[in-house]
Structure formats: C-alpha cells, structure tokens
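Step one of this worksheet: look at the structure below.
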There are 2 protein chains.
Amino acid sequence: MAGRRAQGMEETREKLLRAARQAFAAKGYAAASMDDLTAEAGLTRGALYHNFGDKKGLLQAVIDRIDAEMAARLRVVGERAETPWQGLLDEYRAYIEMAREPEIQRIVLLDGPAVLGDPSTWPSQNACLAETTRRIRSLVADGAIPPVDPEAAARLLAGASLHAALWVAASDAPETTLERALDAFRRLAEGLSRP
Amino acid sequence: MAGRRAQGMEETREKLLRAARQAFAAKGYAAASMDDLTAEAGLTRGALYHNFGDKKGLLQAVIDRIDAEMAARLRVVGERAETPWQGLLDEYRAYIEMAREPEIQRIVLLDGPAVLGDPSTWPSQNACLAETTRRIRSLVADGAIPPVDPEAAARLLAGASLHAALWVAASDAPETTLERALDAFRRLAEGLSRP
DNA sequence: TCCCTCGACATACACATCGTATGTGAATTG
DNA sequence: CAATTCACATACGATGTGTATGTCGAGGGA
C-alpha cells in the first residue's frame, strides 16, 4: 500500500520545496517555471502535481515553511529580552530585518498575498502573526500596557513593519533608511504603551 | 504625420484603461486575458501593445490613474477637518475605507506590488503617499506634533492602514473588524503626537 | 493633384507554460 | 505468486504572451 520507498516520499517533497523556494525567490512566482524547478530537483512536474496539487499549492507549502521558520526566530528574539515590552520591540525589529531578506520579501510579502489572497485567510494562519499577537495579549494581561485589541494591534504593526522593510530594501542607503524606519516604528509602538 | 484620427488616440487609451481596470479588478492581473479585455473595449491586442508596451505597462497605467484618484479623495477629506491633526486621522480612516474597495485592493495593493515591485519604486511615486507625507511634514513644522521623519512615519502608517484594510475586507464581520482596526490605528497614531 | 511616408491599429505566428490524462514499474498484500 | 496500489514520468491539449508583419487612412512635398 506504499509507494516506491517509504522515506523517498518525504525526501521528494523536501527536494521540491527547496527548489521551489529558490526559484520563487530568484524569479518570482509568476516567472518561475515548474518544468525548470522540478528539473533542478532532478524530477518532473508529475511529482509536483502529485505532492502539491498545483502551483498555488506548492507556493502555499513553501510559505508555510518560511512562516514557521520566521515565527521560531521571532520567539527566540522575544524571549531573550529583559522586559516583555522590550521583547515586543525586539521582535518587530527582527521582523523588519527579516523582511529585508529577498526570499522572505519576494515569496511571503509580495507574491503570497497576490496569489493566495490576504494572509489572514491562509491556513497556516500566519504563525508569525500569531506569535506577536500572543505577546501583545500577555502584555495587556500583565497590565504592562493599557488594554488594546491584541489581534488588531499585531496586524497593524505587522503591516507597518512589512512596509518599512520594503522601503528599506528598495532604498539606496539601506542602513540609514533602516534607522529612520526603526525610529518611526518606535514612535508608533509607544502609542500602545501610553493611555 | 498623425494617425487615423487626432483625438481617436486618446479615446483608445481611455477605452483600454477602463476595460483593463475592470478586468484586473474582477479576475486579478494574472488571470486577466489581454485578448478578452481588448475585445471588451472593441479593439485588439495590437492597440494595447502599441499604446502601453506590454501587460505590465498597462497595469502601471491603471495604477497611476487609480492612485491619482485616491490622492485627490484624500486631499479633500483632509482639508475638510477642523484641525490638521484631525485631518491626518480622517485621511487615514478614508484610506482604510478606500482600500476596502475591491478595485483598489486587488489592483493597487495586491497585484501592483507583486508585479511591479515595491510601490516606493513606482514612477507615479505614490501620489497618495506623498499627500500624507506632506501633511505630516506640515504638522511637524507647525509644532503640532514632536519632530519625526515625515516620510518614515507616512510609510509606516500607510502599511498599517493597508493591512488593516485587507484584514477588514477578509473578515466575516467587516463593520466590527473595521472598528477594531480603527481603534488600534488611533492608538498607534497617537504615538506620533506624544513626546 | 499625386505620391510617398508614417503612424495607429489589426492579423498571424512562434514559443512558453499550466493542468490533466495516461502510462509504468516497484512494493505491498492476500 | 498474482493483483492492486502508489509514486512518479510522459504525452497531450488548451491558453496566453510577445513579436513580426500587414493594412489603411492621414498629412506633406513636388
């Protein structure tokens, strides 16, 4: 009742995911050919359609993977901070810096929403967003900041971070621009910590 | 030295822009066929490639048009307010509400960045963003709010608004969600008005 | 007036790509 | 040991983009 090999299947999925991730990042979703990326993985489109359904399914799988990785990185950053509030700020700084990575920016932030629709409707439910929402909720619960809708705040801050990252990435002087963005971001975030 | 008719050219462009706008909004950029939308306008792809170069050029033209309309609407809203600060808040509220319109959301906010790259690199230079940047700059100049980098602030708030709009649009209870988003947005914006 | 060029648009073609339908060989099961 | 099933490959049809070429009407010079 099993296929050619027991662990071969998982390995095939991995190879396809790796190839797709690289192709999508390098050329963008639309310009990435499924023939090319499967060949790169030493397979054909047959394996791809069998494992992921269609091109959108593959993109979804790639995004789920990246999103999980991002959430894990954020969690580490947040827990390393001295205070919960500083943890939140650190997380967003990390988010902005991560969003500058071409792979994340191109696949998750640009092509993802265009192809799959708004992230809030994704099955992965944006692990990354869930992480920051959780953190804001606990800040409110601890009385560290005045009451605020955690999900709403997390979404808006995510949007601000994302745009900041795109701006920084497209800038001529990324370092300077990053500082400008982070300063402005702190100002906005402080709106949450005040009554 | 002119073509078939003197004003025919401009009219052709208009017809194509209208058809493209509708097709892009209804089906999304990728799924919109140039054969179909030109036929809808009573023309062929020949006219399209002659006037706009390629499919991306057409999208750019459509976005420029919509962006200009949005900026004009924002300006009206901002000028109607009692105080400059309230004008800014009103502008963003209007922005969030506009971004719920499927035409704007699909074309400008989702497909635009994916196809043309980050908006800050667009030739239209985002008239809409320029408008809010200008307004923040004048608030700072008047001493109404503490010094802040106007462009950075405008970009972050635009990102927050945009995400808020996507969230609201994808929500089951848009009215409720809109209020949650606007509340959170006010909290963030107030970060700018405090030292 | 006549002809020639030029520009706006239409038509025809070459090429790429996606999704599906079908084929194949190995491994499991009874 | 035969039959089934699963993982993947191959073959095919449909669609869509971009380009190369054709056409027709409108001025400008002789």
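Chain A is the first sequence line, chain B the second, and so forth, proteins listed ahead of strands; every chain is numbered from 1.
In this structure, of C/dC9, D/dG18, D/dC12, it is D/dG18 that holds the atom nearest to the side chain of B/Y49. Closest contact between the side chain of B/R45 and the listed nucleotides D/dT19, D/dA9, C/dC18 involves D/dT19. Ranking D/dC8, C/dC9, D/dG16 by closeness to the A/T12 side chain, first place goes to D/dC8. When distances are taken from the side chain of B/L43 to each of C/dG19, C/dA10, D/dA7, the shortest belongs to C/dA10. Distances from the side chain of B/N51 to the nucleotides C/dC9, C/dC18, D/dT17 place C/dC9 closest.
Note: CD (A/E14) to C1' (D/dA7) measures 17 Å, nearest angstrom. Between the CG atom of A/D35 and the C1' atom of C/dG19 there is a distance of 12 Å, given to the nearest Å. Straight-line distance from the NZ atom of B/K55 to the C1' atom of D/dT19: 17 Å, rounded to whole Å. Look at CD on B/E11: it is 14 Å from C1' on C/dC9, rounded to the nearest Å. Rounded to an integer number of Å, the gap from A/L58 CG to C/dC18 C1' is 13 Å. Between the CG atom of B/L16 and the P atom of C/dC9 there is a distance of 8 Å, given to the nearest Å. In this structure, NE2 of A/H50 is placed 14 Å from C1' of C/dG25, rounded to the nearest angstrom. Taking atom CE of residue A/M9 and atom P of nucleotide C/dA26, one finds them 19 Å apart after rounding to whole Å.
Among the atoms of the strands shown, none is found under 4.0 Å from any heavy atom of B/A30. Here B/S33 lies in heavy-atom contact (under 4.0 Å) with sugar-phosphate atoms only.
Heavy-atom nearest nucleotides on DNA chain C were determined for A/D36 and for A/G53, and the one closer to the 5' end corresponds to A/D36.
Look at B/E14 and B/R65 and you find a salt bridge, because one of the NZ, NE, NH1 or NH2 atoms lies within 4.0 Å of a carboxylate O, short of that distance. Using a cut-off of 4.0 Å between Lys/Arg side-chain N and Asp/Glu carboxylate O, A/R21 and A/E69 are scored as salt-bridged. Taking the charged nitrogens against the carboxylate oxygens, B/R93 and B/E97 do have a contact shorter than 4.0 Å, which makes a salt bridge.
Applying the side chain to side chain donor-acceptor pair (under 3.5 Å) test to every pair with at least one member in residues 28-44 of chain B, sequence neighbours left out, gives these pairs: B/D35-B/R45.
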Atom pairs and distances, donor-acceptor, side-chain atoms in residues 146-158 of chain B, under 3.5 Å, two or more places apart:
residue, atom, partner, partner atom, Å
B/D149, OD1, A/R180, NH2, 3.1
B/D149, OD1, B/E151, N, 3.2
B/D149, OD1, B/A152, N, 3.2
B/D149, OD2, A/R180, NE, 2.4
B/D149, OD2, A/R180, NH2, 3.1
B/E151, OE1, A/R180, NH2, 3.3
B/E151, OE2, B/R155, NE, 3.3
B/E151, OE2, B/R155, NH2, 3.2

